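Worth saying up front: this structure is predicted, and the values here are computed from it rather than measured.
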There are 2 protein chains.
Amino acid sequence: MRDILETVSSIQQAAEFTGLSEDTIRYYEKIGLLPYADRKANGHRTYSKHQLEGMVFLTRLKATGMTLEEMKRYRKLSEQGTVSIPQRISILKEHKKRVQSEISRSLETQRIIDYKIEHYNEVMLNPDLNNTACDSIEE
Amino acid sequence: MRDILETVSSIQQAAEFTGLSEDTIRYYEKIGLLPYADRKANGHRTYSKHQLEGMVFLTRLKATGMTLEEMKRYRKLSEQGTVSIPQRISILKEHKKRVQSEISRSLETQRIIDYKIEHYNEVMLNPDLNNTACDSIEE
DNA sequence: ATACAACTTGGAGTACACTCCAAGTCAAGC
DNA sequence: GCTTGACTTGGAGTGTACTCCAAGTTGTAT
């Protein structure tokens with residue numbers, strides 16, 4: 001079981017696992033967002049399970065709006081070892097807060113969408129309403 | 001009160017109200033995301049409260065990940081009047097669904113961030129743990 | 001009259017995050 | 001020995017969404 005977890009992956013497998021494209025993975029390495037990957041004798045990149053999971057974590061940060069530049073800062077801190085843990089925690093806490101306000105805005109927007117759909121349904125039943133009853137939501 | 005609601009705004013006031021920059025508002029008009037705005041005698045754009053609220057709604061769609069192209073489609077439908085309401089509803093419902101899955105992903109990511117912070121705190125208390133106890137979350 | 005501020009236009013430039021390409025290497029199968 | 005496929009590199013190109021700029025116009029204040 002340990003063996004399976006420590007199996008080494010090609011860039012193709014890494015792409016499959018992370019959902020990133022091979023080009024994107026190379027690009028991330030090029031800009032220093034991912035560390036220079038180990039190469040096999042023939043020069044091909046190899047990734048450990050651990051590294052793949054690190055990449056997946058990065059994709060989560062990205063999916064929640066963190067920029068590549070911020071992710072790069074975070075990763076550089078990781079390279080410095082345990083001394084940088086407080087800074088890493090503060091980056092994560094800060095990001096979590098941003099995600100929270102994004103969630104709030106999304107929920108609010110969902111509410112507004114519902115309200116608008118409701119309004120549309122009313123207009124379809126009674127076209128006279130059209131523009132009058134709804135100052136805060138435009139057509 | 002009606003008077004206040006129907007007061008006409010300059011592009012500067014529109015920018016303030018919507019949070020968009022003046023350049024962005026002009027850009028949106030240029031690409032057809034906003035309708036050609038009324039001009040005063042001197043050529044300056046004017047916006048009604050109703051239009052400002054329409055813009056704010058667009059910024060909400062944008063903030064939740066809708067592209068300018070999709071927003072444009074939506075607005076073009078609005079121009080066609082009530083016949084396009086079913087299509088507009090379906091765009092909004094579709095978008096709401098996307099927002100929902102984005103929220104789910106965000107919540108999941110928050111959970112993972114918490115887990116990681118917890119792990120960091122443990123490592124700081126007991127540096128021996130460092131790499132061993134946490135296969136699914138990288139350093 | 002003149003300065004200033006708030007606009008106008010068309011178009012060029014920028015930032016971010018990829019995405020694609022050409023030319024080359026290497027290992028395996030026929 | 002030759003083809004095929006999976007990679008490598010450096011660098012160029014793309015899409016989205018702005019953002020900035022220069023040159024011109026208009027309205028108000030001094």
Side-chain angles (χ1 to χ4, degrees), chain A residues 7-48 51-52 55-76 95 98 102 105, chain B residues 7-48 51-52 55-76 95 98 102 105:
Chain A
T7 298
V8 141
S9 304
S10 67
I11 192 166
Q12 191 177 76
Q13 291 168 320
E16 231 167 276
F17 188 82
T18 62
L20 298 167
S21 74
E22 298 178 32
D23 267 324
T24 299
I25 293 173
R26 288 189 205 101
Y27 167 68
Y28 282 0
E29 185 185 308
K30 186 150 46 175
I31 64 169
L33 173 54
L34 292 175
Y36 186 81
D38 290 345
R39 314 285 154 128
K40 291 194 295 192
N42 62 9
H44 291 194
R45 290 170 178 80
T46 59
Y47 300 96
S48 68
Q51 288 172 319
L52 294 186
M55 283 192 218
V56 169
F57 182 63
L58 289 184
T59 66
R60 290 192 165 281
L61 294 180
K62 197 192 72 165
T64 47
M66 191 179 280
T67 65
L68 301 190
E69 219 41 57
E70 283 174 290
M71 286 157 62
K72 219 157 113 180
R73 277 209 314 126
Y74 179 78
R75 212 197 52 74
K76 299 268 153 158
H95 183 63
R98 285 201 302 266
E102 215 221 67
R105 245 180 305 132
Chain B
T7 297
V8 140
S9 305
S10 68
I11 193 166
Q12 191 178 76
Q13 291 168 320
E16 232 168 277
F17 188 82
T18 61
L20 298 168
S21 74
E22 298 178 31
D23 268 324
T24 300
I25 293 173
R26 288 190 205 101
Y27 168 68
Y28 282 0
E29 185 184 309
K30 187 150 47 177
I31 64 169
L33 173 54
L34 292 175
Y36 186 81
D38 290 346
R39 315 285 154 131
K40 292 194 293 190
N42 62 9
H44 291 194
R45 288 169 180 81
T46 60
Y47 299 95
S48 68
Q51 288 172 318
L52 294 186
M55 283 193 217
V56 169
F57 182 63
L58 289 184
T59 66
R60 291 192 164 282
L61 295 180
K62 197 193 73 167
T64 47
M66 192 180 278
T67 64
L68 301 190
E69 219 39 58
E70 282 175 291
M71 285 156 61
K72 218 157 113 179
R73 276 210 314 125
Y74 178 79
R75 212 196 51 74
K76 300 268 154 160
H95 183 63
R98 285 201 304 266
E102 214 220 67
R105 246 180 303 131

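If you measure from atom CD of A:Glu22 to atom P of D:dT8, you get 8 Å, rounded to the nearest angstrom. Rounding to whole angstrom units, CD of residue A:Glu70 and C1' of C:dA17 are separated by 14 Å. If you take CG of A:Leu34 and P of C:dC18, they are 11 Å apart, rounded to a whole angstrom. For the pair A:Ile31 CD1 and C:dA15 P, the interatomic distance rounds to 15 Å; values are reported in whole Å. One can place CD of A:Gln12 at 15 Å from C1' of D:dT8, the figure rounded to the nearest angstrom. Atom P of nucleotide C:dA17 and atom CG of A:Leu58 are separated by 13 Å, given to the nearest angstrom. Between the C1' atom of D:dA17 and the CD atom of B:Glu29 lies a distance of 17 Å, rounded to the nearest Å. Atom P of nucleotide C:dC16 and atom CG of A:Leu33 are separated by 14 Å, given to the nearest angstrom.
Here the side chain of B:Arg75 pairs no donor or acceptor atom with the backbone of B:Arg73 at under 3.5 angstrom.
At a threshold of 4.5 Å between non-hydrogen side-chain atoms, the residues A:Leu52 and A:Ser9 count as touching. Contact of the A:His95 side chain with the A:Leu61 side chain is registered, since non-hydrogen atoms from C-beta on lie closer than 4.5 Å.
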Task: Contact state string [nucleotides 18-27 of chain D, B base, S sugar-phosphate only, - no protein heavy atom under 4.0 Å] - done: BBB-----SS
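At most 12 non-hydrogen atoms from other residues, nucleotides or ligands lie less than 6.0 angstrom from CD of A:Glu69.
Here B:Ser10 does not reach the OP1 or OP2 of C:dA6: none of its side-chain N or O atoms lies under 4.0 Å away. In this structure, A:Thr67 does not reach the C:dC16 phosphate: none of its side-chain N or O atoms is under 4.0 Å from OP1 or OP2. Phosphate contact (OP1/OP2 of D:dT9, side-chain N/O of A:Arg39, threshold under 4.0 Å): present. Phosphate contact (OP1/OP2 of C:dC7, side-chain N/O of B:Arg45, threshold under 4.0 Å): absent.
Residue contacts shown for B:Ile11 are limited to sugar-phosphate atoms, with no base heavy atom under 4.0 Å away.
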Task: Working for side chain to side chain contact (heavy atoms under 4.5 Å, CB included), residues B:Leu20 and B:Tyr28 - done: CA-CA 10 Å; B:Leu20 298 168; B:Tyr28 282 0; 4.0 Å; yes
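A:Glu29 and A:Lys72 are not joined by a salt bridge, as no carboxylate oxygen comes within less than 4.0 angstrom of a charged side-chain nitrogen.
Two residues, B:Glu69 and A:Thr46, neighbour DNA chain D, and the one matched to the more 5' nucleotide by heavy-atom proximity is A:Thr46.
The CD atom of B:Gln12 sits 6.5 Å away from the CD atom of B:Glu16 when rounded to the nearest 0.5 Å.
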